[in-house]
Amino acid sequence: MRKEKMGTKALWAGEKEQLVHGATQVPVVHSVSFGYDDMDEWYEVAVGNKEGHIYGRNTNPTVQAFEDKVKILEDAEAATSFSTGMAAISNTLSTFLFPGDRIVSIKDTYGGTNKIFTEFLPKQQIDVELCETGNHELIEAEVAKGCKILYLETPTNPTVKITDIERMVQAGRDVGALVIIDNTFATPINQNPIELGVDLVIHSATKFLGGHADALGGVVCGREDLVEQIYHYREINGATLDPMAAYLLLRGMKTLHLRIERQNQNAQQIAEYLKKIDWVDDVFYPGLEEHSGHDIAKKQMRGFGGMLSFSVKGGVDTVRHLLPQLKFANRAANLGAVETIVGPSRTTSHVECTPEERAAMGIPEGLIRYSAGIEDIEDLIEDLNQAFANLPDHLLARG
């Protein structure tokens, strides 16, 4: 039987089982608890021998529909959700890492993730090795020394660097490591790491999955035996996804395929436009042929994503003048929404880091992260044009 395509899955997957009373939309179930008259049935549900719900911190029908939709889009065996994307990341790492363990990752992960690696895990006597992103030989060498987890993010936030997933999966398998990937920037529409052998895939659902900047959430999916362990950690530690947030994420995902197609197109054209602007030092987008990870991205992605970044001459002073002049962009610490969102990494992805830490990760203070929305591309480019045209000339002279 032919498998449904992504656009159809985004609309229909995971919802039918939760529809009631002839409704065509999944209801928001706010009930904290779920009652049973039959004590034996209650017990069977409570111990997991029978499907059902007993308490909202554990499971919920609306939340389950969201989890099932992500599971199907990522072609995973199971999925479990969280209150935020960082909860998904921290709970997953805490499930599998113990004192004396070793984790290998890259330097270019999201700022919150990087803080876990540099601040929190070392306090738990967990050895962390952060490698230069894109240096596959170095990563392979460090993994070969032995590790419990190989943790990747591709494309990265905010410099959209690319890592060869299949190559890293092989390195992890050689030493029996779990390979975990943050797939937030790519989304299931552009990239399915599980098809490439990854054990677990993480999303900050707050971003592209929800797509409307109105709900926080996170999700991890992958092998059922691994997800069950993460779920158990989460149900006890309590970082539960709220049913209303789950509903908003579900509603947003109905247009995921359409949104990502448009955002892919807009980001590509914005990146090509920015290359021609005198104010711009460098443009980071894997859809550009000169991008260092372009060939790898072309191999493992169906689209290059809605995220790009660029550095400007004049640094922070230019950023201060440029961003307030944009009419069709929210200046905010978010990404992946239907509206275009802009901001420097010093106040968005890596606000937790010092200027020195950002510099060590190759993030200049004059870097602007640009999350392309679904606006008409002509309006976005004209908006950038007028903003650049109104910059003070002396900043350009500073280079």
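The chain is numbered in sequence order, starting from 1.
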After noting the C-alpha distance and the side-chain angles of T95 and Q229, does the key distance pass the side chain to side chain donor-acceptor pair (under 3.5 Å) rule? CA-CA 7 Å; T95 298; Q229 295 176 64; over 6 Å; no
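- For the atom pair OH of Y370 and CZ of F310, the computed distance is 8.0 Å after rounding to the nearest 0.5 Å.
- A cation-pi arrangement is absent between K69 and F66, since the terminal nitrogen or guanidinium carbon is not both under 6.0 Å from the aromatic centre and inside a 45° cone about the axis.
- E235 and Y231 are linked by a side-chain donor-acceptor pair at a separation below 3.5 angstrom, with hydrogens and angles left out of the test.
- When hydrophobic clusters are built by joining Ile, Leu, Val, Met, Phe, Trp and Tyr residues whose side-chain heavy atoms come closer than 4.5 Å, directly or via intermediates, L308 is grouped together with I381.
- Using a 4.5 Å heavy-atom cutoff, the side chains of F117 and L130 are in contact.
- Residues W279 and L274 share a single hydrophobic cluster, defined by chaining ILVMFWY side chains whose heavy atoms lie under 4.5 Å apart.
- With no hydrogens or angles considered, no side-chain donor-acceptor pair links E153 and T109 at under 3.5 Å.
- Here the side chains of T113 and Y110 are in contact, with some heavy-atom distance below 4.5 Å.
- Contact of the T80 side chain with the R234 side chain is registered, since non-hydrogen atoms from C-beta on lie closer than 4.5 Å.
- Here the straight-line distance linking atom CD1 of I236 with atom CZ of R57 works out to 6.0 Å at 0.5 Å rounding.
- Using a 4.5 Å heavy-atom threshold, the side chains of Q300 and D164 count as touching.
- Side chain to side chain, D383 and Q386 meet the donor-acceptor criterion of an N or O pair below 3.5 Å.
- Between E375 and R262 there is no salt bridge, since no side-chain nitrogen of the basic residue lies less than 4.0 Å from a carboxylate oxygen of the acidic one.
- Salt-bridge check for K275 with E272: failed, with every basic side-chain N at 4.0 Å or more from each acidic carboxylate O.
- Rounded to the nearest 0.5 angstrom, K161 NZ and I106 CD1 are separated by 8.5 Å.
- Inspection of the D108 and T133 side chains reveals an N or O donor paired with an N or O acceptor under 3.5 Å.
- The existence of a salt bridge linking R167 and E137 is confirmed by a sub-4.0 Å separation between a basic side-chain nitrogen and an acidic carboxylate oxygen.
- Two residues are said to be in side-chain contact when any heavy atoms from C-beta on lie closer than 4.5 Å; M86 and S204 fail this criterion.
- Under the 6.0 Å cut-off for aromatic ring centres, F208 and H203 do not qualify, their centroids lying 6.0 Å or more apart.
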Does the side chain to side chain donor-acceptor pair (under 3.5 Å) test come out yes or no for N264 and N190, once each step is laid out? CA-CA 9 Å; N264 286 346; N190 286 329; 2.9 Å; yes
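- Shown here for V227 and A78, the closest heavy-atom pair between the two residues is CG2-O, 3.7 Å.
- Here Y36 contributes atom OH and K50 contributes atom NZ; the two are 8.0 Å apart, rounded to the nearest 0.5 Å.
- For E51, the CD atom sits in a loose shell: 12 or fewer heavy atoms of surrounding residues, nucleotides or ligands are nearer than 6.0 Å.
- In this structure, N49 CG and E44 CD are separated by 4.5 Å, a value rounded to the nearest 0.5 Å.
- Using a cutoff of 4.0 Å between basic side-chain nitrogens and carboxylate oxygens, K107 and E129 are not scored as salt-bridged.
- Salt-bridge check for K298 with D295: failed, with every basic side-chain N at 4.0 Å or more from each acidic carboxylate O.
- When side chains are defined from C-beta on, E74 counts as touching N183, because their heavy atoms get closer than 4.5 Å.
- The shortest side-chain heavy-atom distance between V312 and L367 does not fall under the 4.5 Å cut-off.
- Residues I180 and D199 have side chains not in contact (no heavy-atom distance under 4.5 Å, counting atoms from C-beta outward).
- The distance from the OG atom of S309 to the OH atom of Y285 is 11.5 Å, given to the nearest 0.5 Å.
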